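Below is one structure; the comments refer to it alone.
Computed from a prediction, not measured in an experiment: that's the story for all the values here. Lettering follows sequence order; numbering is per chain, from 1.
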Amino acid sequence: MGPDDTNLPRSVGVATPRRLSFARPLRLKSGATLDAYDLVFETYGRLNAARSNAVLVCHALNASHHVAGYYADDPGNIGWWDNMIGPGKPLDTERFFVVGVNNLGGCFGSTGPASTNPRTGKPYGSGFPVVTVEDWVEAQARLADRLGIPCWAAVMGGSLGAMQALQWTLSYPMRIRHALVIAAAPRLSAQNIAFNEIARQAITTDPDFHGGDYYEHGVVPKRGLRIARMLGHVTYLSDDAMMEKFGRALRSGKLGFHFGIDFEVESYLRHQADKFSEYFDANTYLLITRALDYFDPAAECGGDLAAALAPAKAKFLVVSFTSDWRFASARSREIVKALLDNRCDVAYAEIDAPHGHDAFLLEDPRYLALVRAYFDNVARGVGAERPVTTGAALLDEGEPLRVVAGGGFAA
Amino acid sequence: MTEHEQLSGRPEFDTIAGWVAPEATVLDLGCGDGLLLKFLTGTRGVKGYGIEIADENVLACVKNGVNVIQSDLERGLQGFDAGSFDYVILSQTLQAMRHTEEIVLEMLRVGRQGIVSFPNFGYWQARWQVAVGGRMPVSDELPYQWYDTPNVHLCTISDFERFCADHAVGILERIVLHAGRRIEFLPNLLGSLAVFRFEKRH
């Protein structure tokens, strides 16, 4: 393979999720304790001998540990940030060892509401404790310990993932060199919380919800989950992007004078909702929206974000998108201002992209070029300029899992 | 070429570095590719941030490992607290600003001192091109044609000094250059580039 070949962006190829079990109880911010838990994760690339090239990628509301590549038995299931991560891509897995993890409370294999509660032998359901961004970071730190990663070269995320990256710089300032905080907010606004509350109401008032213990009833609160998804989806897109994509186009070319599907946008939303309600867990949706609501590092400093960010030692890349109204650029500028007040190193870009909040997942050449350039700096700082040749073994690789088509793991 | 020479890309870099106290905090408005900040960090150990609006320049700053904040200077320095920087620099940007008065006053709100550099429109060649040639000046410092220039507020050294006097801005130092050399004699006629350091007059 010549040097030119390695520069061509390509997929990481077949990904293998792995599971690690943690026996040490995790005390949560709420005061509750998880006695034991599993985390499911994927890794791409190789950890270098100095163990200095590891990058943690944090997921947002509805994604998972499956960040890049595809599954041998489910090749259509491509990682959610595959355009960002891979050999020759902005986060280059030839140089960096990338970790994606499904957070606690999730529904993609890590311990969550659908998992069996060892104390009762039944699914946790309503008994699963409310988890916070701080709790997730704590669990991620324990994962790093088990893998043998003393310090992340970078922690990266968009939206709620960006909040985790930011929290890392506060919880473990000495274990993170760079934070990539993309399409973020330092805390939710009243409007943001209001949208989350409507989504939760949709779920909890679904007759199939059964107070969160629907597993035992063999049903799923699909109607509520569908509405939650539709609502959420609208907040991820800009008005312009929706108008561009759907306009007022009619499904059958004329008005039907009924309440079925007239407009293309209705059809699209229903389709998204159907897909989502097939694979996502309603309790996880409640938990993750609550984690969003509760994230507010400034709260402990009387609302002073600059004081809250004082512990941060990392260097930052902050990126916002001008058409994002969910977490508008002004919200990112609050973070930048607080970093500046602390004289932290920061690069802040405001990408003039039309797609709204979802822009952080899409292909914008300016955005991707920026992340690529930033990771070049990260690489220089941690001795990861060249592809990893002699790697280090992970302390604990975890148990490999086989993913089957349609979701879920096979034995 | 030494690293110093490589970094010292523009003639005023050395002048500005000579004025900036070691370890100072610096805000560079319209920082371009960030090379001035990189130079000041390398030579004076400053903690610097640039403000830049153009996507390609923000990217260049990241490539140069310089702190940069993408923002439109024409909207002022709203996000910046009063007196939060030792120096606010406006290097070769003054003449391209629409809100010239506002930005100079903003510089002195946010910074304890301001530093500007700009092409001197009083340089004899510029005067000659207008007076004798009857054409708008085009030179190394002013490489644009009248119809494609970003420069909307060109001024002479005397104009800027008058501006300072009228706006309670006290000039601390002035260095006038041409072709990288300092011009002491008839600077408004023989100098093509002016660099000023100033503060709010009390």
Side-chain angles (χ1 to χ4, degrees), chain A residues 90 154 177-182 186 304-307 312 314-322 328-353 359 364-382 385, chain B residues 3 22-35 37-38 40-42 44-88 106 109-112:
Chain A
R177 287 175 184 275
H178 294 266
L180 287 86
V181 176
I182 301 168
D304 183 347
L305 186 62
K315 297 173 191 285
F316 287 79
L317 176 67
V318 180
V319 181
S320 74
F321 300 91
T322 52
S329 292
R331 312 306 315 282
S332 284
R333 286 200 293 267
E334 292 174 39
I335 298 172
V336 171
K337 163 83 166 66
L339 293 173
L340 207 111
D341 288 344
N342 284 297
R343 303 295 182 216
C344 291
D345 283 318
V346 55
Y348 169 60
E350 221 166 271
I351 307 285
D352 185 16
D364 183 286
R366 291 160 300 180
Y367 163 49
L368 294 183
L370 198 74
V371 174
R372 180 185 293 274
Y374 194 81
F375 270 114
D376 284 342
N377 293 345
V378 177
R380 270 192 291 278
V382 299
E385 297 98 319
Chain B
E3 193 187 11
E23 319 276 305
T25 54
V26 172
L27 186 63
D28 184 4
L29 311 182
C31 65
D33 55 15
L35 284 181
L37 279 173
K38 192 172 180 180
L40 293 176
T41 307
R44 309 298 281 168
V46 305
K47 185 79 190 182
Y49 297 86
I51 297 185
E52 179 54 55
I53 188 169
D55 292 332
E56 63 274 20
N57 282 334
V58 172
L59 177 62
C61 285
V62 169
K63 286 183 174 171
N64 282 318
V66 167
N67 293 321
V68 63
I69 295 160
Q70 189 162 29
S71 179
D72 182 3
L73 287 181
E74 301 287 6
R75 291 190 305 209
L77 301 175
Q78 285 149 9
F80 295 88
D81 295 336
S84 54
F85 281 86
D86 295 322
Y87 304 93
V88 179
E106 275 286 83
R109 179 182 67 82
V110 171
R112 279 181 273 284

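With a 4.5 Å cut-off on non-hydrogen atoms, T25(B) touches chain A through its side chain but not through its backbone. Heavy atoms closer than 4.5 Å to chain B are found in the side chain of D341(A), but not in its backbone.
N377(A) and K63(B) get closest at one heavy-atom pair: OD1-O, 4.1 Å. K337(A) approaches D81(B) most closely through the heavy-atom pair NZ-OD2, 3.0 Å. A pairwise comparison of heavy atoms in Y49(B) and V346(A) identifies CE2-CG1, 3.8 Å as the closest pair. Smallest separation of non-hydrogen atoms from A369(A) and L59(B): O-CD1, 3.5 Å. For V58(B) against A349(A), the heavy-atom pair with the smallest separation is CG1-CB, 4.1 Å.
Within a 6.0 Å sphere centred on CZ of R331(A), other residues, nucleotides and ligands contribute more than 12 heavy atoms.
At distances below 3.5 Å, not a single donor-acceptor pair connects side-chain atoms of Q70(B) with backbone N or O atoms of Y348(A).
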Carefully, step by step, assess L340(A) and I69(B) under the rule side chain to side chain contact (heavy atoms under 4.5 Å, CB included). CA-CA 10 Å; L340(A) 207 111; I69(B) 295 160; 3.0 Å; yes

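A cation-pi arrangement is present between R343(A) and F85(B) under the rule of less than 6.0 angstrom and at most 45 degrees off the ring axis.
Distance check, rounded to the nearest 0.5 Å: CG of L370(A) to CG of D55(B) gives 9.0 Å.
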